[in-house]
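Note that the coordinates shown come from a computational prediction; the quantities given were computed from them, not determined experimentally.
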2 protein chains.
Amino acid sequence: MGKAGTKGVSRADRERQIVDVAVEEFGRHGYAGVSVTAVARRAGISKPLVYSYFDAKDGLYLACVQRVGALLVDAVAGARARSGSTGHALDTLSALFTAVEQCPYAWSVLYDPAPPWAGAAGEAVRQYRERLAEMGAAGAARLLDRAGHADPLDHQLLNEIWQYTVTAVMRWWAEHPEQSAAAMAERCARLLTALGGG
Amino acid sequence: MGKAGTKGVSRADRERQIVDVAVEEFGRHGYAGVSVTAVARRAGISKPLVYSYFDAKDGLYLACVQRVGALLVDAVAGARARSGSTGHALDTLSALFTAVEQCPYAWSVLYDPAPPWAGAAGEAVRQYRERLAEMGAAGAARLLDRAGHADPLDHQLLNEIWQYTVTAVMRWWAEHPEQSAAAMAERCARLLTALGGG
DNA sequence: GGCAGGTAATTTACCCATCAGTCAATTCGG
DNA sequence: CCGAATTGACTGATGGGTAAATTACCTGCC
């Protein structure tokens, strides 16, 4: 490896590139399973550069959370805007698929089951999850109200189930990258109708 | 914190006790997020004792996987035996609830999203998940065949979704310990019928 | 019933790799 | 020539793992 000295890569580009590999690492191994050294190595740079740009492991994770959080929130918001309040779960899923087609581990980063709850990154995780949950809650509420169930805990649990369902689909997709976003949407449509739900 | 010397606790008892806390730790923080030192501290003993009994972190995890694996496989097998091949998902869920009522993190240990795939523990994880998936696959196959879908990948994905759904319910339950197993079963029955599936 | 001695339980103190994080120096681009 | 990009080399802490010593229990024997 060459010595010190700039290589002509702008900070913005380098940050993007680092976050690229960090998102994959965090998505694959979870926060605790990732070492900053490994991220730097896979990005082809040295560890101090990561710290110079992101300040701490938590800061690096924060950057990842913000990227994928924005991506996912925009996708879901867009889907809801397009299909109005009658939008079904499939529209949301479909929008998510096209949004994360180039970033298969986006969802897994935000839904790491054991993220660092303390610190700025944890706060961001809470906020993004909250926003996504709110948007998904409308659909859940429609389903439950239609069936006459009003228990707020039911709503909570149904939301959780929905989030983990998406996690399942996303992780399966990450291991079957040959599937296109459209194919995934079709497949999920098949499964959903087979389950008898609308 | 006395010095060295036995405290009159048999190896079997001590192992049980260590696995008790290890299951909770692994379930809460995931394999990578757990330190053997922390397990030992929470168990009120010293780290070398853990190594003397379980040989390595992987060995400790293996012991946890075997305990919860047996618990879960027995529960599901029992449910299937009782309700025959017409058993629905709810019977399985209900059996799982009563089985893990005293061990809320059992499922999360076996379904750690980033377990150490290399080594004996990883092998055990694969095997137990396989057995549970086989037993669950019957139900999934029935659903999909009824709808005329034969794609084996659909079966795979539906299985994955089922497992993550259970994960969601189990983790939600772990954070709402005041709910009884029966209450959880009822709640899931409500949700399932609200979703329109049988 | 008391005592020698093997065995099982348990700890203190240590080793080495890795990890998060820092400093000072170096090199290039504008 | 200044500022930004970049690194090798370092530190303190922690993690997995080990060696050796200490204490208690148990068994057979007188």
Side-chain angles (χ1 to χ4, degrees), chain A residues 1-22 25-26 28-64 114-122, chain B residues 1-22 25-26 28-64 114-122:
Chain A
M1 283 302 183
K3 319 210 163 175
T6 181
K7 293 171 183 165
V9 181
S10 78
R11 171 166 186 160
D13 283 356
R14 201 57 105 181
E15 284 187 352
R16 248 188 305 275
Q17 174 194 347
I18 295 173
V19 171
D20 281 348
V21 357
E25 289 285 292
F26 283 127
R28 283 172 98 88
H29 312 302
Y31 181 84
V34 170
S35 88
V36 178
T37 310
V39 171
R41 187 168 37 226
R42 279 203 41 192
I45 57 171
S46 70
K47 184 174 58 158
L49 190 56
V50 178
Y51 278 94
S52 145
Y53 286 165
F54 298 97
D55 205 66
K57 186 183 181 184
D58 193 82
L60 178 58
Y61 183 58
L62 173 61
C64 295
W117 288 119
Chain B
M1 306 285 182
K3 317 212 160 175
T6 182
K7 293 171 184 166
V9 182
S10 78
R11 171 166 188 162
D13 283 355
R14 201 57 105 180
E15 283 186 353
R16 247 189 306 275
Q17 173 194 349
I18 295 173
V19 171
D20 281 347
V21 358
E25 289 286 291
F26 283 127
R28 282 171 99 87
H29 312 302
Y31 181 84
V34 170
S35 87
V36 178
T37 311
V39 171
R41 189 168 34 228
R42 279 203 41 191
I45 56 171
S46 71
K47 183 173 59 157
L49 190 56
V50 178
Y51 279 94
S52 145
Y53 286 165
F54 298 99
D55 206 67
K57 187 183 180 183
D58 193 83
L60 178 58
Y61 184 56
L62 173 60
C64 295
W117 289 119

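The two atoms that bring B:Asp58 and B:Ala120 nearest to each other are OD2-N, 3.6 Å, heavy atoms only. Closest approach of B:Arg42 to B:Val21, counting heavy atoms only: CB-CG2, 4.1 Å. Between A:Ile18 and A:Tyr53, the shortest heavy-atom distance links the atoms CD1-CD1, 4.2 Å. Pairing each heavy atom of A:Val9 with each of A:Asp13, the nearest pair is CG1-CB, 3.9 Å. Shown here for B:Tyr61 and B:Pro116, the closest heavy-atom pair between the two residues is CE2-CD, 3.7 Å. Smallest separation of non-hydrogen atoms from B:Ala114 and A:His29: CB-O, 3.8 Å.
The distance between atom CZ of A:Arg16 and atom P of D:dA5, rounded to the nearest whole Å, is 13 Å. When rounded to the nearest whole Å, the span between CG of A:Asp55 and C1' of C:dG21 equals 10 Å. Look at CD on A:Glu25: it is 16 Å from C1' on C:dA20, rounded to the nearest Å. Residue A:Ile45 contributes atom CD1, which lies 12 Å from atom P of D:dA5 at whole-angstrom precision. One atom, CZ of B:Arg41, and another, C1' of C:dT11, lie 16 Å apart when rounded to the nearest Å. The distance from atom CG of B:Asp13 to atom P of D:dA24 is 19 Å, rounded to the nearest whole Å. The separation between A:Phe54 atom CZ and C:dA20 atom P is 15 Å, rounded to whole Å. Atom-to-atom, OH of B:Tyr61 to P of D:dG15 comes out at 19 Å; the value is rounded to the nearest Å.
Within 4.0 Å of B:Tyr53, counting heavy atoms only, lie sugar-phosphate atoms of the nucleic acid but no base atom. Among the atoms of the strands shown, only primed sugar atoms or phosphate atoms (P, OP1, OP2) are found under 4.0 Å from some heavy atom of B:Val34. Residue contacts for B:Ser46: at a heavy-atom cut-off of 4.0 Å it reaches a base atom on one of the strands shown.
Stem regions for DNA chain C, each three or more consecutive Watson-Crick or G-U pairs with both distances under 3.5 Å and listed by first number, read C:1-30 with D:1-30.
Out of C:dT11, C:dA20, D:dT23, the shortest distance to the side chain of A:Ser35 is found at C:dA20. Residue B:Ala56 has its side chain nearest to D:dG17 when only C:dT10, D:dG17, C:dA20 are considered. Across D:dA21, D:dA5, C:dA20, the shortest atom-to-atom separation from the side chain of A:Leu49 is found for D:dA5. Closest to the side chain of A:Tyr51, out of C:dC19, C:dT10, C:dT22, is C:dT22. Listed nucleotides: C:dC23, C:dT11, C:dA20. Nearest to the side chain of A:Pro48: C:dC23. Nearest nucleotide to the A:Lys57 side chain, out of C:dA20, D:dG16, D:dA24: C:dA20.
A donor-acceptor contact under 3.5 angstrom links the side-chain atoms of A:Lys47 to the base of C:dG21.
Using a 30° and 60° split on the angle between ring planes, B:Tyr31 and B:Phe26 fall in the parallel class, below 30°.
One distance of note links NZ of B:Lys57 with OG of B:Ser35; it measures 7.5 Å at 0.5 Å rounding.
In this structure, B:Arg14 reaches the C:dT10 phosphate: one of its side-chain N or O atoms is under 4.0 Å from OP1 or OP2.
When the nearest nucleotides of DNA chain D are assigned to B:Ala32 and A:Ser52 by heavy-atom distance, the more 5′-ward of the two goes with A:Ser52.
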